[in-house]
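Residue numbers begin at 1 in each chain, while the letters A, B, ... track the order of the sequences.
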Amino acid sequence: MLSEQEIQRREALSRLRELGYEPYPAAGYQVTHTAEDILKGFEEKPDDYKQVSLAGRIMSKRIMGKAAFSDLKDHTGRIQLYFNRDEICPDEDKTAYNEVYKKLTDIGDFLGITGEVFTTRMGEISVLVKSFVFLSKSLRPLPIVKTDAEGNVYDAFTDPEQRYRQRYVDLIVNSGVKETFMKRAQIINSMRNIFNEQGYLEVETPILQPIPGGAAARPFITHHNALDIPLYLRIANELYLKRLLVGGFDGVYEFAKDFRNEGMDRTHNPEFTVMEIYVAYKDYKWMMTFTEKMLERVVKEVNGETTKVTFGDNTIDFKTPFKRVPILEAIKEHTGFDVSNMDENELKEVCKKLNIDTDDTMGKAKLIDEIFGEACEKHYIQPTFITDYPKEMSPLCKRHRDNPNLTERFELMVNGKELANAYSELNDPIDQRERFEEQLMLSEKGDDEAMFIDHDFLRALEYGMPPAAGLGIGIDRLTMFLTNNSSIQEVLFFPQMRPEKKAAAPRKEDFTNIGVPEAWVEHVMKHYPSVKQLLEAKPTQVHQALNGYRKKNKLAIDALQLVDVENWYTSQS
RNA sequence: GACUCGAUAGCUCAGCUGGUAGAGCAUAACACUUUUAAUGUUAGGGUCCUGGGUUCGAGCCCCAGUCGAGUCACCA
């Protein structure tokens, strides 16, 4: 069912065609200026704006007899349009103003206008419209969000469900949404520039993988018909990028969509973007310096020459150098326990004392990770590198040069959350094979996130991979920090949502389409709410039921013939 | 997965102990030649998320479900 306003807009549409205005013209429209051009340049050089042409969406109408104002929104912003009857219609025929603009133009329509820039008595730079054409008629009313002089917003379109499901509407009516996504693009551009300046190569690796490797996570599974094999959507691209180091590249990086079949909440979306970079002949210490310098520069470029970022109640300063804290020291500091030489049972004892739930599938690594996650993580608000994780937690990472039980790994914590993860990459093929086998044991123990063994990756390592440092940064999370958004859905254009339920409301047309007479439709619908249900009953039954109903209620409409009813059925097939 | 809250006009929201649904904006009509949340007068617009139940009577109470939000759990 169309709403009243939708019907009105469709009527306006056909009236426009009657009057010779094409609401969806095929030809392009020559745009000479944008709202931003005019607002920025007019005061300085008013003579350059005698003749302007711009295009955009009508966002408001304020009509006062022979004069009217509208706001036009283009991709750069909003500008006021002044429509004057006698400017648009110099001749006797006032249709273009009285009917086309005043009655047939709706909020949301795309117009192309030409005119002259001037300043109104109220002091607002505006365009005096000389002529206008329709570029696209809008058939659905937009939510109307108004802002007054003090910046107070009225009737904001705020329902998160609608905003995410209909992001296009969100982008039209809510200022600030666009800026978030422009910043997101800037973040990525800025990082890409930094990598390219170093001569690192941007590459693409498979999203469909026969073995989902490089991380501990549950994958999505799909099926390739021609090969008749299962394929997995990648959970990380690490193992492919390292193969490229084997192949002889010195530095490779990829902005990659990864997919993890896990829970969704305001910091997790099933698909998300990660930047991974691998640089040969470097170690994790080098990578720490590289990472902090990179982030400092990205923050400055995105937020304008400051290293400080406001996030919720916190101010986070990305000024280098960041603090560096080994994980075991972090645990000691925040819990008082020295877990460095503990075995599994001792660790479980510690967990118990700290009120951390454990289960049998947890190995040493997972237990330490739990302790850190529960007791320590939240304390690291300012960017801090947590370093030297236990070996079992990091199956792709080199052993620590000073302590064989640790690895050369760091995570960057910001605002109590992991933002980046990096290693001195393990390139000893025999060690790597053993680590995979340990993962396999975990898997057999019931840890459904333990890694699979990738034999081709091992084969690649056996040819020799240069020592290298690798880094992964969650782009969505970084964007959240730099745009002060606490939910990942705000930094993804189209966050994953449960499918919308189709409105099951029956439509009159469904019934008239199969031949039910207009006068009968409402009564038929009372008996059979949907065409499907109607057709599931026998024609004779339907015929009798309906005519019985007619008689009982003394309806002043013609009785149905059995033939008519039978025709409804045949019209379907 | 658990708990809490929510779903009413195109949008934002109200709705008295249960008695045939209201406002603002938007829409339509009229007035108005520089407004800016334009204004004034008038009008139209609703499967009150779905399905059951209680009741003479349900937007409201009860049960079940759907979708969403928040908190927690899970999630390097």
Side-chain angles (χ1 to χ4, degrees), chain A residues 1-9 11-12 59-71 78 80-87 97 102-103 106-108 118-124 126 128 138-165 169 173 215-218 235-236 260-270 327 357 359 365-366 368-370 372-374 377 386 389 393-395 409 411 413 417-421 448-449 472 474 486-487 489 497-507 525 529:
Chain A
M1 278 295 274
L2 293 175
S3 68
E4 187 190 29
Q5 293 191 46
E6 289 173 293
I7 292 165
Q8 281 162 0
R9 285 174 181 230
E11 282 166 357
M59 296 305 286
S60 70
K61 280 167 86 183
R62 299 182 289 281
I63 296 171
M64 286 137 287
K66 281 188 279 184
F69 292 90
S70 278
D71 288 331
R78 285 187 184 219
Q80 179 168 269
L81 304 181
Y82 174 52
F83 288 82
N84 180 292
R85 189 185 68 193
D86 299 323
E87 292 284 347
Y97 179 75
K102 271 170 72 173
K103 304 204 169 168
D106 289 302
I107 291 174
F118 74 112
T119 308
T120 63
R121 271 185 220 161
M122 301 299 289
E124 180 159 348
S126 307
L128 170 63
S138 164
L139 295 182
R140 225 177 241 273
L142 285 169
I144 306 292
V145 179
K146 294 202 169 185
T147 310
D148 68 15
E150 281 85 50
N152 300 314
V153 176
Y154 300 85
D155 299 330
F157 179 64
T158 50
D159 178 10
E161 177 173 5
Q162 291 200 68
R163 288 185 48 232
Y164 302 153
R165 285 195 197 279
V169 175
V173 303
R218 276 191 290 271
I235 54 176
R260 295 188 184 175
N261 205 343
E262 290 166 351
M264 290 164 54
D265 58 32
R266 60 176 210 300
T267 55
H268 295 84
N269 194 64
I327 187 169
D357 290 337
D359 63 58
K366 197 124 190 171
I368 290 174
D369 192 41
E370 283 293 316
F372 179 77
E374 284 294 317
E377 210 171 61
I386 303 297
Y389 284 67
M393 285 173 72
S394 318
R409 171 180 181 182
E411 283 194 359
M413 308 302 300
K417 291 265 158 56
E418 179 201 343
L419 178 62
N421 183 19
D448 55 4
E449 290 182 349
S486 59
S487 117
Q489 284 79 18
M497 304 280 282
R498 227 175 267 276
E500 266 181 285
K501 219 172 56 177
K502 282 260 159 51
R507 299 186 315 149
M525 283 167 75

Practice problem: Specify whether A:F372 and A:Y389 have parallel, tilted or perpendicular ring planes, treating 30° as the upper limit for parallel and 60° as the lower limit for perpendicular. | Solution: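 Ring orientation, 0 to 90° scale: perpendicular.
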What interatomic distance, in whole Å, is found between [atom1] of [M] and the corresponding atom of [N]?
{"N": "B:C49", "M": "B:A58", "atom1": "C1'", "result": "16 Å"}
{"N": "B:A2", "M": "B:C11", "atom1": "P", "result": "31 Å"}
{"N": "B:A43", "M": "B:G6", "atom1": "C1'", "result": "33 Å"}
{"N": "B:C3", "M": "B:A9", "atom1": "C1'", "result": "33 Å"}

Ignoring the backbone of [X], work out which of [options] is nearest its side chain.
{"X": "A:Y164", "options": "B:A69, B:U35, B:A76", "answer": "B:A69"}
{"X": "A:N421", "options": "B:U35, B:U12, B:A76", "answer": "B:A76"}
{"X": "A:D106", "options": "B:G68, B:A28, B:G45", "answer": "B:A28"}
{"X": "A:S3", "options": "B:C74, B:G10, B:U34", "answer": "B:G10"}
{"X": "A:F157", "options": "B:C11, B:C75, B:U34", "answer": "B:C11"}
{"X": "A:D369", "options": "B:A76, B:C30, B:C11", "answer": "B:A76"}

Quiz prompt | Nearest-nucleotide comparison on RNA chain B, the residue closer to the 5′ end among A:I144 and A:E374 | solution =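 Residue closer to the 5' terminus by nearest nucleotide: A:I144.
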Quiz prompt | Residue met sooner reading RNA chain B from 5', once A:I63 and A:D155 are mapped to nucleotides | solution =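 Nearest nucleotide further toward 5': that of A:D155.
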Please give the nucleotide sitting opposite [N] as a Watson-Crick or G-U wobble pair, both distances under 3.5 Å, or none.
{"N": "B:U71", "result": "B:A2"}
{"N": "B:U27", "result": "B:A43"}
{"N": "B:C61", "result": "B:G53"}

Counting only side-chain nitrogens and oxygens, does [X] get under 4.0 Å of the OP1 or OP2 atom of [N]?
{"X": "A:Q162", "N": "B:C11", "value": "yes"}
{"X": "A:R498", "N": "B:G68", "value": "yes"}
{"X": "A:K103", "N": "B:C30", "value": "yes"}
{"X": "A:R121", "N": "B:U36", "value": "no"}
{"X": "A:R9", "N": "B:G10", "value": "no"}
{"X": "A:K146", "N": "B:A26", "value": "yes"}

So, does the side chain of [X] form a donor-acceptor pair with the base of [N] at under 3.5 Å?
{"X": "A:Q80", "N": "B:U35", "result": "yes"}
{"X": "A:E124", "N": "B:U36", "result": "yes"}
{"X": "A:E418", "N": "B:A76", "result": "no"}
{"X": "A:R62", "N": "B:U35", "result": "yes"}

Quiz item: Would A:Y154 pass as stacked on B:G24, i.e. its ring centre under 5.5 Å from the base's six-membered ring centre and planes under 30° apart?
Solution: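 Per 5.5 Å and 30° rule: no stacking.
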Exercise. Indicate whether the side chain of A:Q5 and that of A:S3 have a donor and an acceptor atom separated by less than 3.5 Å.
Key: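 Judged by distance alone, the side chains do not pair up.
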Quiz item: Tell me: CD of A:Q8 to P of B:A9, nearest whole Å?
Solution: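 In whole Å, B:A9 P and A:Q8 CD are 17 Å from each other.
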